[in-house]
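The next block holds one structure in the form of structure tokens; read it before the comments.
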Amino acid sequence: MNGAPAMTTLHDALPLACGQALPNRIMKSALSEGLGTPDRRPDERLERLFRRWGAGGFGLLVTGNVMVDGRHLGEPGNVAIEDDRHLDALTRWAKAGKDGGTPVWVQLNHPGRQANPLVTRNRPVAPSAIALTIPGLPAPRALTEDEIVDIIARFGTAARVVEAAGFDGVQIHGAHGYLVSQFLSPLSNQRTDAWGGDPERRARFVLEVVRSIRAQVSPGFALGIKLNSADFQRGGFTEEESQTVIARLAAEAVDLIEISGGSYESPAMMGRPQTVGASTRAREAYFLDYAETVRRIAGATPIAVTGGFRSRAAMSEAVDSGICDMVGLGRPAAVFPTAAADLLTGATDALRPPQISLNLPPRLGTNSNLKAFDGALDLQWHTDQLHLIGSGADPDPARSPWRTAVMMVRHHGVDAFRSKRSPAPSSPADRAARKFRRERALGRYIMNPTVRALDRIGVRTALATEIETIGRKSGQPRRVPVSVLFDEDGAWMICQHGMRSGWGLNISANPEVRVRQGDRWRTGTAVLLPEDNVVARARTFAPHPLLAPLARSMFAVLETTPISVRVTFPDSSR
């Protein structure tokens with residue numbers, strides 16, 4: 001023939017420097033499963049999940065965040081590997097994934113300043129004592145030299161245990177704002193010692209982590225890394241710096257470099273809300289343009305790109321063109337556990353997972369808190385799919401986003417609505433103004449629709465009624481929706497915004513009110529009871545077990561001081 005190189009296809013095996021060969025070019029990228037036990041080990045839920053993926057035709061499975069320090073966790077349900085205490089459970093996890101013939105790597109991570117305060121009792125640590133620009137998260141303390149050395153050793157120890165358990169490799173999580181990424185970024189690493197001060201010293205941590213792992217495992221054990229193309233923040237880790245780090249990693253004989261980008265302050269890895277150019281729309285993948293620029297720099301080290309791929313045509317083009325050697329699937333694999341087999345056999349031409357969103361009105365599209373909640377909702381909805389598979393069920397693409405939203409509010413309260421991108425308000429006046437806007441938006445567009453959705457699925461409450469008060473300034477009737485629980489003597493209400501509420505102030509000025517009960521209006525006298533236990537009172541409104549525990553979280557979301565209100569009716573039975 002003419003000597004032209006053979007076309008690379010998605011079906012082709014991918015040889016690695018360590019001597020392994022991945023069976024095809026479609027990777028199940030890391031998804032944080034949140035299925036670890038309270039003592040941070042895997043159990044049968046992770047085994048079920050990876051058994052499904054292991055039979056799904058992938059060329060590689062990468063687990064979600066596994067922490068190297070159990071004192072610092074990124075999410076509830078993280079698995080942590082500090083020694084071999086959970087070796088038997090880890091061995092069962094590895095076997096479950098590998099039984100279908102797919103290699104399994106464990107993603108190793110340390111959250112640094114992104115440690116989750118819901119599950120971590122220790123103060124977070126970071127290269128420098130610089131807090132995230134996410135309101136409410138505690139500021140980290142700077143790591144000492146000895147602590148840095150200890151964390152590096154922990155990565156090596158974890159990798160040794162992972163290999164002993166029968167996994168095929170590990171992936172260092174060097175992206176998305178976690179500790180490795182924090183060392184690389186000048187925004188979070190402002191040290192002036194051997195671990196920071198210029199790009200070369202900021203890269204020392206990740207290189208030492210690579211060397212620590214290599215020193216603890218056999219030559220045939222695979223080592224990969226997920227690395228940011230950039231932080232997408234002004235003054236942060238740049239594409240030029242990323243390229244330099246990739247060149248140095250390639251020199252360390254890393255087996256696979258997965259390209260990603262962003263952090264939880266600027267979540268480019270979610271594919272929203274960044275502006276998507278025509279090239280990205282055509283190629284689908286978010287970071288493919290960047291991968292093309294580093295292909296030469298990486299040399300023989302294979303490059304994987306994750307994020308945005310949906311069609312077999314786009315994946316095939318990316319691999320055949322040589323821009324990347326492997327395509328990664330994240331969220332689609334949560335909905336389609338056999339995604340790789342479906343694509344490779346031609347059973348489907350494209351993966352079409354549902355678009356998860358609250359579908360907020362366009363005028364709310366710029367509200368940072370609601371955008372943050374929308375992005376978090378997308379992540380949590382897909383995590384819910386993993387939990388379904390882990391329980392032995394099938395994914396549920398029709399699962400209502402509102403069901404996920406309710407559970408997020410229940411578990412996280414106001415944290416579910418915190419902005420992931422905007423800095424904290426700079427003054428009390430700013431905070432008050434933002435709080436007022438948030439209260440109005442959440443009440444109108446989040447909490448009320450949530451209650452209606454619950455009502456539609458049979459979770460009955462007494463929330464859908466109205467109270468009529470007399471405006472203290474206008475003297476005119478004013479009607480608003482309220483939470484009401486009727487009894488023989490009258491009714492209980494929750495004034496959710498306390499004395500910032502217009503109708504609460506109206507009652508203070510004139511206690512005569514009218515309340516709609518069913519199709520009739522009843523006249524009564526209202527009394528504000530600030531000494532009443534409003535959380536306990538709110539729980540009595542919703543005896544259904546799903547809704548009752550939401551009371552405290554709902555009030556936390558609104559960030560107000562609610563007050564119980566008692567209304568008595570002259571026409572009551574007594």
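Checking side-chain atoms of Asp99 against main-chain N and O of Ala96 turns up no donor-acceptor pair under 3.5 Å. For the pair Lys98 (side chain) and Gly166 (backbone), a donor-acceptor distance under 3.5 Å is present. Under a 3.5 Å cut-off, the side chain of Asp69 and the backbone N or O of His110 do not form any donor-acceptor pair. Side-chain atoms of Thr91 come within 3.5 Å of backbone N or O of Leu87 as a donor-acceptor pair. Checking side-chain atoms of Ser128 against main-chain N and O of Ile130 turns up no donor-acceptor pair under 3.5 Å. Of the possible donor and acceptor atoms, none in the side chain of His382 sits under 3.5 Å from a partner among the backbone N and O of Gly330. Under a 3.5 Å cut-off, the side chain of Gln385 and the backbone N or O of Asp396 do form a donor-acceptor pair. Judged by distance alone, the side chain of Asn65 and the main-chain N or O of Met67 form no donor-acceptor pair under 3.5 Å. Between the side chain of Asp168 and the backbone N or O of Trp105, no donor-acceptor pair lies under 3.5 Å. Formation of a donor-acceptor pair under 3.5 Å by the His11 side chain with backbone atoms of Leu344 is found in this model.
To the nearest 0.5 angstrom, Ile225 atom CD1 is 12.0 Å from Asp255 atom CG. Note: Ile26 CD1 to Leu14 CG = 12.5 Å, rounded to the nearest 0.5 Å. With rounding to the nearest 0.5 angstrom, the CD atom of Glu258 is 3.5 Å from the OG1 atom of Thr306. Atoms CG and CH2, on Leu49 and Trp93 in that order, are 9.0 Å from each other to the nearest 0.5 Å. Once rounded to the nearest 0.5 Å, the distance linking CZ of Arg211 with CD1 of Ile213 reads 12.5 Å.
The closest side-chain heavy-atom distance from Val180 to Leu227 is not below 4.5 Å. A 4.5 Å side-chain heavy-atom check between Cys18 and Leu223 finds every atom pair outside the cut-off. Between Arg204 and Leu207, the closest side-chain pair of non-hydrogen atoms is not below 4.5 Å. At a threshold of 4.5 Å between non-hydrogen side-chain atoms, the residues Leu90 and Pro42 count as touching. Here the side chains of Pro353 and Phe336 are in contact, with some heavy-atom distance below 4.5 Å. No side-chain heavy atom of Gln216 sits less than 4.5 Å from a side-chain heavy atom of Phe221. Using a 4.5 Å heavy-atom threshold, the side chains of Asp378 and Arg331 count as touching. Under the 4.5 Å side-chain criterion, counting only non-hydrogen atoms from C-beta, Phe167 is not in contact with Val161.
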Just do the side-chain contact (heavy atoms from CB on, under 4.5 Å) check on Asn122 and His72 with the steps written out, would you? CA-CA 7 Å; Asn122 300 284; His72 300 279; 4.0 Å; yes

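Taking both residues in full, the closest heavy atoms of Arg25 and Asp12 are given as NE-O, 3.1 Å, listed atom of the first, atom of the second, then distance. Here the shortest heavy-atom pairing between Ser32 and Glu75 reads OG-OE1, 2.9 Å. Of all the heavy atoms in Gly97 and Val104, the pair that sits closest is C-CG2, 3.8 Å. Here the closest non-hydrogen pair linking Thr338 and Ala55 is CG2-O, 4.5 Å. Nearest heavy-atom pair, Pro140 versus Val125, reported as atom, atom and distance to 0.1 Å: CB-C, 4.0 Å. Of all heavy-atom pairs between Thr157 and Glu82, the closest is CG2-O, 3.5 Å.
Ion pairing between a basic and an acidic side chain is recognised when a charged N comes within 4.0 Å of a carboxylate O; Asp150 and Arg154 show such pairing. At a threshold of 4.0 Å, the pair Asp84-Arg160 does not count as salt-bridged, since none of the basic side-chain nitrogens sits closer than that to a carboxylate oxygen. Using a 4.0 Å cut-off between charged nitrogen and carboxylate oxygen, Glu252 and Arg214 do not count as a salt-bridge pair.
For the side chain to side chain contact (heavy atoms under 4.5 Å, CB included) test with Tyr290, the passing option among Ile303, Ile259, Val305 is Ile259; the others fail. With Asp394 as reference, Arg52 is the one residue of Arg52, Arg399, Arg48 to meet the salt bridge (charged side-chain N to carboxylate O under 4.0 Å, His left out) rule.
Below 30°, between 30° and 60°, or above 60°: for Phe205 and Phe183 the angle between ring planes is below 30°, a parallel geometry.
Counted by atom type alone, Asp39 and Thr37 present one or more donor-acceptor pairs between their side chains at under 3.5 Å. Side-chain contact annotation: Gln380 with Thr404, donor-acceptor N/O pair under 3.5 Å absent.
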